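Below is one structure, written out as structure tokens, with a few remarks after it.
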Amino acid sequence: MKKRLFKLLILTLVFMMMSPVAMAVPQGKTVSNILEFTIQVKATLEAPEIDELAEVSAAGLYDNFVVSVDRGECGDEIVMAKIEVLDGNADDLELSYLLIEGDNRRWMPLGTDGCWFGYPDGEALNNLAEHTDFRISWQESAEGTYKFAVSFFARGDRGTFDKELASRTFEVKVIRGDPVLLTHAFGDDDQPGDSDLTGDPISTTVDAGDEIDYTVEANLANGVRHVDNLLYILEVEKDSIAEGDFEITSISGYGEGETENINNTFVAEGNRLKGYLGPDTGFKFGENPAIPLPVRTTFTLRFATAGEYLINVYAIQAGM
């Protein structure tokens, strides 16, 4: 019985030594001066968010993205901001930001060597837009992975903006090759199967005045995630072509109901009529819930006069 009690006392002491115990502060007479200091702890700025960025893009394209910052309790902080190319050849690209002055909107180049943006003497975060639109324009020479940093700086003790408040890095892989693959077939969008669609030239014969359905399917290629401001171009070529020789009588799939609009876009260029489908600024292709991929469009075509018509359909990135 005594041995068990002794062991219990030992275990109790061990647990008391292991457990934190709040001890009373010893009392006594103050025998020195009292030192006092104050520390003000400021709220920190959250890292900026990078949205709508294509993590995989293609040489020759541009890509729009948005930088946003949660001001939190830092709205009175005087800041400057910078986009910097960390990895990759800065000569392979051009950075721009969207300047909005009333109803006027235009892209302003930033350069690439540590691109500062904002007011030269800084500006309070509360006075800056929460969201800023940027654009990366890739040169035809671009290829590989490029790394960037978007950073916000406060004015330091020397009066320069060298005190980093928040930063975020991002990477973009740039490939060579077409970012969009078009395939086509005769027939409406319910008829051509995947095996019928091809990227090769196709041909057929119809009587003057008859109609024929022609389907185009578009998808992303070479790992590209999206293309901003995509636009379909149609070129119709024929000897001595004239308005009225060619007409689109209906559209189904993408562009449905836009028959009159696309017919009104055609302009004569020598022996060729050239028009486009979609808004003149294009549309976001890929990562767009409103337009899931692949995108199929069927045109019903009518040829009023006899002759050989050469038709080219292709996609461009509008605004380049």
Side-chain angles (χ1 to χ4, degrees), residues 47-68 83 85-88 92-98 100 105-110 112 130-150 168-184 189 194 197 199 215-234 251 253-256 258 276-297 313-320:
E49 294 291 335
I50 313 295
D51 299 310
E52 301 182 29
L53 178 73
E55 296 177 356
V56 179
S57 191
L61 283 185
Y62 66 76
D63 185 47
N64 299 333
F65 64 99
V66 178
V67 174
S68 57
I83 296 183
V85 182
L86 302 180
D87 291 331
D92 289 343
L93 59 109
E94 182 178 72
L95 288 166
S96 306
Y97 74 98
L98 184 61
I100 302 175
R105 300 161 63 91
R106 65 182 188 274
W107 291 100
M108 300 294 293
L110 280 172
T112 53
E130 292 184 5
H131 311 280
T132 304
D133 292 278
F134 291 88
R135 172 176 288 181
I136 306 177
S137 299
W138 299 102
Q139 305 293 336
E140 296 290 348
S141 58
E143 186 176 18
T145 300
Y146 298 77
K147 185 176 181 181
F148 304 82
V150 179
R168 186 178 295 276
T169 60
F170 64 91
E171 292 184 354
V172 179
K173 180 182 178 182
V174 180
I175 58 93
R176 298 283 184 90
D178 292 331
V180 177
L181 175 64
L182 299 182
T183 53
H184 60 171
D189 57 359
D194 291 340
L197 294 164
T215 295
V216 176
E217 182 174 279
N219 210 341
L220 289 169
N222 293 313
V224 174
R225 306 291 180 84
H226 75 246
V227 177
D228 289 310
N229 305 107
L230 192 80
L231 192 63
Y232 293 128
I233 303 295
L234 287 84
I251 302 175
Y254 174 76
E256 187 164 356
E258 295 293 318
Y276 60 89
L277 174 63
D280 55 7
T281 56
F283 65 98
K284 185 175 182 179
F285 185 73
E287 298 181 344
N288 184 351
I291 308 176
L293 301 184
V295 176
R296 277 198 182 188
T297 302
V313 179
Y314 55 94
I316 67 169
Q317 187 175 43
M320 296 195 70

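The first residue of the sequence shown is numbered 1, and numbering continues consecutively from there. No experiment lies behind these values; they were computed from the predicted model shown.
- Taking the salt bridge (Lys or Arg N to Asp or Glu O under 4.0 Å) definition, one finds that Arg135 meets it with nothing, sequence neighbours left out.
- Distance check: Arg225 CZ to Lys173 NZ gives 9.5 Å after rounding to the nearest 0.5 Å.
- Side-chain N or O atoms of Gln317 include one that pairs as donor or acceptor with a backbone N or O of Tyr62 at under 3.5 Å.
- Side-chain contact check for Leu231 versus Asp280: every heavy-atom pair is 4.5 Å or farther apart.
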Which is it for Thr297 and Ile251 under the side-chain contact (heavy atoms from CB on, under 4.5 Å) test, yes or no, and what are the steps along the way?
CA-CA 7 Å; Thr297 302; Ile251 302 175; 3.7 Å; yes
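- For the atom pair Gln139 CD and Glu94 CD, the distance stands at 7.0 Å (nearest 0.5 Å).
- A heavy-atom distance below 4.5 Å is found between the side chains of Ile136 and Leu95.
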Given the rule in the side-chain contact (heavy atoms from CB on, under 4.5 Å) test, do Val172 and Leu53 qualify, once you have shown the distances and angles that lead to the verdict?
CA-CA 8 Å; Val172 179; Leu53 178 73; 4.1 Å; yes
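- Residue Gly88 comes nearest to Tyr146 through the heavy atom pair CA-CD2, 3.7 Å, listed as atom of the first residue, atom of the second, then distance.
- Atoms NE2 and OG, on His131 and Ser68 in that order, are 5.5 Å from each other to the nearest 0.5 Å.
- Atom CD of Glu143 is surrounded by more than 12 heavy atoms from other residues, nucleotides or ligands within 6.0 Å.
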Working note: Ile50 + Arg168, criterion side-chain contact (heavy atoms from CB on, under 4.5 Å); need CA distance, chi angles, decisive distance, verdict.
CA-CA 8 Å; Ile50 313 295; Arg168 186 178 295 276; 4.0 Å; yes
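- Heavy-atom contacts from other residues, nucleotides or ligands closer than 6.0 Å to NZ of Lys284 number more than 12.
- Closest non-hydrogen pair, Tyr232 versus Ala218, comes out as OH-CB, 3.2 Å.
- The closest side-chain heavy-atom distance from Val227 to Leu61 is below 4.5 Å.
- Judged purely by atom type and a 3.5 angstrom limit, Asn222 has no side-chain atom pairing as donor or acceptor with the backbone of Pro179.
- Within the model, atoms CG of Asp133 and CG of Asn64 stand 7.0 Å from one another, a figure rounded to the nearest 0.5 Å.
- Under the 4.5 Å side-chain criterion, counting only non-hydrogen atoms from C-beta, Phe134 is in contact with Leu110.
- Interatomic distance, Ser57 OG to Ile175 CD1, rounded to the nearest 0.5 Å: 7.5 Å.
- The closest donor-acceptor contact from the side chain of Arg176 to the backbone of Ala142 lies under 3.5 Å.
- Qualifying ring pair (Phe, Tyr, Trp, His ring centres under 6.0 Å) partners for Phe170, counting only residues two or more places apart in sequence or in other chains: Phe65, Phe148.
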Set out, in order, the CA-CA distance, both residues' side-chain angles and the distance that settles side-chain contact (heavy atoms from CB on, under 4.5 Å) for Arg105 and Leu98, then state yes or no.
CA-CA 7 Å; Arg105 300 161 63 91; Leu98 184 61; 3.2 Å; yes
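- Checking each of Asn219, Val216, Thr215 against Arg296 for a side chain to side chain contact (heavy atoms under 4.5 Å, CB included) leaves exactly one that passes, namely Thr215.
- No donor-acceptor distance shorter than 3.5 angstrom exists from the side chain of Asp178 to the backbone of Val180, with no hydrogens or angles considered.
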